[in-house]
Amino acid sequence: MTAILSACATGTYNATNKVYKQQAKAFANEIKKQPADIDSTKTAAWVGTTNFGMRKPNFVIIHHTAQNGCDSTLRTFTLPRTQVSAHYVICKDGTVQHMLNDYLRAWHAGAGRWGNVTDINSSSIGIELDNNGFEPFTEAQINNLLIVLKTLKKNYGIPTANFIGHADIAPSRKVDPNRYFPWQQLAANGFGYWYDTTKTKAPENFNAIQALRIIGYDTRDSIAAIKAFKLHFVQQDSAAVLSVQDRNIIYDLYKKY
Ligand SMILES: [Zn+2]
């Protein structure tokens with residue numbers, strides 16, 4: 001991974017890098033603390049177990065930046081007042097900018113839900129692709145994204161189903177990554193699922209909304225859930241209604257989750 005990391009930002013970000021170091025150190029000190037007794041009626045002496053590890057991310061959430069250029073995004077993610085960040089930013093030329101240790105919690109997902117997981121930031125890695133929101137992604141971007149995803153999947157044992165988009169977890173709020181994002185190519189590489197409807201036909205009584213819920217979508221706003229599903233799996237048709245083919249796609253997909 002080191003080979004594709006960018007060196008372009010050094011210098012400009014000396015001051016914010018210092019802030020990063022200070023904050024990381026404060027968290028390290030927090031972890032080192034012997035936990036306080038959570039129940040004051042108990043007075044047993046602290047016995048620390050010898051058997052533990054770090055909590056690991058279990059999801060990858062993919063975004064587009066909706067900005068014009070990586071420089072803007074690096075600036076946004078290093079300004080405290082924006083309160084937003086991601087672990088990785090991938091620029092149009094393929095440069096991978098790692099901005100936060102994978103074990104720490106980035107602020108990329110916001111309010112969202114996937115299945116019964118509601119604190120997505122605590123359990124995920126956020127990856128931002130430099131893109132204004134209305135254009136295709138570059139080949140260099142996707143190639144290096146696949147390299148990053150491979151490493152993350154291997155290092156943390158992230159399940160195939162858990163590589164998803166921001167719009168998937170926040171259907172009524174977000175539309176990223178845009179409809180040009182190659183989800184089928186990702187699935188072919190083991191990141192997320194795709195469908196094959198050549199031999200699939202949804203039964204008459206098939207409840208497609210319930211199936212979207214099983215896949216993970218927050219279906220409390222069913223129109224928003226349909227739109228998010230189509231942005232990911234149909235892409236060329238953004239209408240907020242389910243055609244016969246859309247129902248067949250959901251029927252084929254939901255059995256994989
Ligand atoms: Zn996003």
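Order of listing sets the numbers, starting from 1, for every ligand and every atom in it.
H108 lies apart from the Zn ion (ligand 1) in this respect, since none of its N, O or S atoms is found at a distance under 2.8 Å. Within the 2.8 Å limit, H64 places no N, O or S atom next to the Zn ion (ligand 1).
Cation-pi geometry between K255 and Y251 is satisfied (NZ or CZ under 6.0 Å from the ring centre, within 45° of the ring normal).
Nearest to the Zn ion (ligand 1), among the N, O or S atoms that H166 has, is ND1. The atom of D176 that is an N, O or S and sits closest to the Zn ion (ligand 1) is OD2. Sorting the N, O or S atoms of H63 by how far they are from the Zn ion (ligand 1) puts ND1 first.
Side-chain atoms of E128 never come within 3.5 Å of backbone atoms of A86 as a donor-acceptor pair (strictly under, hydrogens ignored). Judged by distance alone, the side chain of D176 and the main-chain N or O of N178 form no donor-acceptor pair under 3.5 Å.
More than 12 heavy atoms of other residues, nucleotides or ligands shown are found within 6.0 angstrom of CD on E135. Heavy-atom neighbours of R173 CZ from other residues, nucleotides or ligands within 6.0 Å: above the threshold of 12.
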